[in-house]
Amino acid sequence: MGAGIWVFEPGAPPSDVPQQSPQTIDGLAGKVIGFIDNAKPNFNNLVDDLAEVMVTRYGAAAVIKRRKQSAAIPASDVVMRELTEQCDVVVTGSGD
Amino acid sequence: MAAQQGLAAVTVCSTAFSDLGRVQAKALGFSALPIAVVPHPFGIRTRSEIHEIAAQCADDIARLVCGPKPRSAPAVAKRLPPVRRAEMVEAPSDIDDFSRFCHSRKWGDGLPLVPPTAERVEHMLQHAGRAPDEAVATLAPAYGTATVENIAINAVLAGCYPEYLPLIIAAVEAMAVPRFNLQAIQATTHPVAVWLIVNGPVAKHLKINGGGNCLGSGAWANATLGRALRLILQNVGGAQPGVMDRATHGQPGKYTFCCAENETENPWQPLVAERGFAPGCSTVTVVGAAGTWNMNSHAKDAADLLRVVADTMAFPASNDYIYGGEPWLVLSPEHARILQRDGLSKTDVRHRLWELSKMPAHRLAAKDYQRARHSRRSELGEIEDDSPLPISVTPDDIGIIVAGGPGTHSVYVPTFGNTRSVTREVAFSAGR
């Protein structure tokens with residue numbers, strides 16, 4: 001580089017968010033699995049099929065399926081509270 | 001996010017969205033969040049294809065979520081205060097090389113940029129009235145902290161004059177209000193861009209165009225204010241096109257989308273007054289706009305004009321109908337005067353358009369019809385084929401400003417649907 005100039009970088013300050021390890025479980029047998037359907041086309045069908053496999057192949061005790069009002073907004077506090085209280089695992093979706 | 005609640009969680013992403021999922025999980029403090037990937041596009045798969053995909057996906061979920069417990073119990077991530085100032089880097093002084101340098105670092109929008117030197121940034125910060133390291137907002141989807149300083153840096157890059165800074169800061173604050181739904185606006189496939197509407201004395205002071213060609217080219221303020229916001233959304237909010245910004249096409253309004261209201265030609269109350277601000281206040285309003293749609297009508301009476309405007313608003317592939325949105329109209333002074341002359345207030349106009357633009361639900365595509373039935377059930381009850389869908393939840397959700405110059409054109413601005421505009425006062429004193 002020839003004669004240069006000094007400029008500020010335009011990005012955000014470096015991330016200070018501490019990274020956490022996600023929670024894991026020792027197996028799906030006997031567990032309650034929650035699904036948050038993102039309301040995109042076909043995700044409800046995927047949820048139905050996954051739920052069936054989780055019970056029949058992996059021995060899940062129960063599944064709870066809840067659908068968001070729209071893909072573009074978060075699941076409601078009521079749904080999040082219900083799933084937090086009752087589920088061991090939650091499966092969510094993103095994309096088309 | 002379920003993982004933040006201390007639950008084991010897996011996100012299923014279609015392939016086109018898996019990078020977005022990983023970057024966003026990291027921004028939220030869960031860089032190792034399990035992601036199960038399914039083929040994109042997923043929505044067009046047949047039922048039997050989904051069955052096969054589900055079998056593989058279930059195995060992936062089981063593998064990803066089962067394992068040894070983490071060494072430390074999950075806890076809600078806490079953000080540290082943004083005490084770090086922006087860093088400096090040496091760049092080429094030649095203007096062509098400088099732009100290439102910026103674009104290689106993904107700082108730009110495809111147009112030449114102004115070097116944010118210490119002198120230029122300091123000059124701009126003199127107009128902030130706030131400390132450079134003050135946090136203004138956290139911007140999705142990367143959850144970068146917008147500080148007074150990095151807002152000023154991006155404003156310099158965009159070519160803004162220093163006195164624009166308070167308006168840009170107010171716009172950033174407005175975008176971060178939850179009902180604006182910046183997270184979805186930044187990461188969606190929808191073309192939504194952020195439209196800035198400026199009201200009050202600051203518009204005249206900064207020469208923000210609200211007259212002829214106000215949504216076109218020619219005004220330095222309109223061009224650079226909207227551009228600055230786009231650079232902030234990209235550089236601070238992390239919405240890099242093709243990575244976090246997943247827009248299928250985007251729109252030209254992503255380069256800049258900014259105008260003033262033409263308050264002197266407005267026969268009604270301006271937006272600033274409707275939003276409850278005192279006379280003499282200056283404001284900026286952010287709108288999640290899908291684009292602009294010109295309506296050229298020589299109608300000379302209110303009923304005729306409203307009929308064709310409502311017909312224009314009523315198109316079926318519209319997020320406003322599917323979700324109950326907040327559509328906007330930019331009425332030309334001539335059209336506004338026709339409506340006012342025929343005795344209509346702005347409230348009257350909203351109510352008439354809301355009724356006239358109701359659309360039978362069967363006009364929506366089958367999948368969209370199902371989406372509308374689900375998303376608007378709590379508002380409208382069970383929607384049937386012939387149910388008249390209103391474009392917004394209430395008539396008051398239809399936004400109206402008066403702007404533009406002479407001519408028989410008005411503009412319809414459909415929106416992202418799942419968004420509500422936000423207005424913030426701009427720190428401005430006419431004496432400055």
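Keep in mind that the numbers below use all heavy atoms, side chains included, and drop hydrogens, waters and symmetry copies. Only a predicted model underlies this, so the values are computations on that prediction, with no experimental measurement involved.
Considering only heavy-atom pairs separated by less than 4.5 Å from chain A, the leading option among S31(B), G21(B), G237(B) is S31(B). Counting heavy-atom pairs closer than 4.5 Å to chain B, the top-ranked of the candidates L46(A), I73(A), L28(A) is L46(A). When each of I33(A), V53(A), V47(A), D88(A) is checked for heavy-atom pairs under 4.5 Å with chain B, D88(A) comes out on top. Contacts with chain A were tallied for L20(B), L231(B), V89(B); V89(B) has the most, counting heavy-atom pairs under 4.5 Å. Considering only heavy-atom pairs separated by less than 4.5 Å from chain B, the leading option among P41(A), G11(A), S94(A) is S94(A). Interface remark: of the candidates T189(B), I35(B), D59(B), D59(B) forms the most heavy-atom pairs closer than 4.5 Å to chain A. Residue with the most contacts toward chain A among I185(B), V156(B), N154(B): N154(B) (heavy-atom pairs, distance under 4.5 Å). Interface summary for chain A: among A32(B), G144(B), G43(B), the most heavy-atom pairs under 4.5 angstrom belong to G43(B). Ranked by heavy-atom pairs shorter than 4.5 Å toward chain A, the options I61(B), T188(B), L157(B) are led by I61(B).
In summary, the side chains of N181(B) and N418(B) do not present any donor paired with an acceptor at a separation below 3.5 Å, with no hydrogens or angles considered. Residues Y143(B) and Q183(B) have side chains that bring a donor and an acceptor to within less than 3.5 angstrom of each other.
Between the E87(B) side chain and the E9(A) main chain, no donor and acceptor come within less than 3.5 Å of each other.
Residues Q240(B) and Q234(B) have side chains in contact (heavy-atom distance under 4.5 Å, counting atoms from C-beta outward). Contact of the V192(B) side chain with the T415(B) side chain is not registered, since no non-hydrogen atoms from C-beta on lie closer than 4.5 Å. In this structure the side chain of F43(A) never reaches within 4.5 angstrom of the side chain of I50(B), judged on heavy atoms.
Within 6.0 Å of the NE2 atom in H374(B), the count of heavy atoms belonging to other residues, nucleotides or ligands exceeds 12. At most 12 non-hydrogen atoms from other residues, nucleotides or ligands lie less than 6.0 angstrom from CD of E52(B).
With a threshold of 4.5 angstrom between heavy atoms, K31(A) does not approach chain B through any atom at all. Contacts of F8(A) with chain B are made by both backbone and side-chain atoms, with heavy-atom separations under 4.5 Å. Using a 4.5 Å cut-off between heavy atoms, R67(A) contacts chain B through both its backbone and its side chain. At a 4.5 Å heavy-atom cutoff, the contact between F42(B) and chain A is made by backbone and side-chain atoms alike. Neither the backbone nor the side chain of A146(B) comes within contact range of chain A; no heavy atom of the residue lies under 4.5 Å from a heavy atom of that chain. Looking at D48(A), the atoms closer than 4.5 Å to chain B (heavy atoms on both sides) all sit in the side chain, from C-beta outward. For V89(A), the parts lying under 4.5 angstrom from a heavy atom of chain B are both the backbone and the side chain. Residue contact with chain A, scored on non-hydrogen atoms closer than 4.5 Å, involves the side chain of S378(B) exclusively. Looking at N45(A), both its backbone and its side chain come within 4.5 Å of chain B, counting heavy atoms on both sides.
Salt bridge annotation for R246(B)-D19(B): absent, with no cationic side-chain nitrogen under 4.0 angstrom from a carboxylate oxygen.
Taking each heavy atom of G324(B) and R420(B) in turn, the nearest pair found is O-NH2, 2.8 Å.
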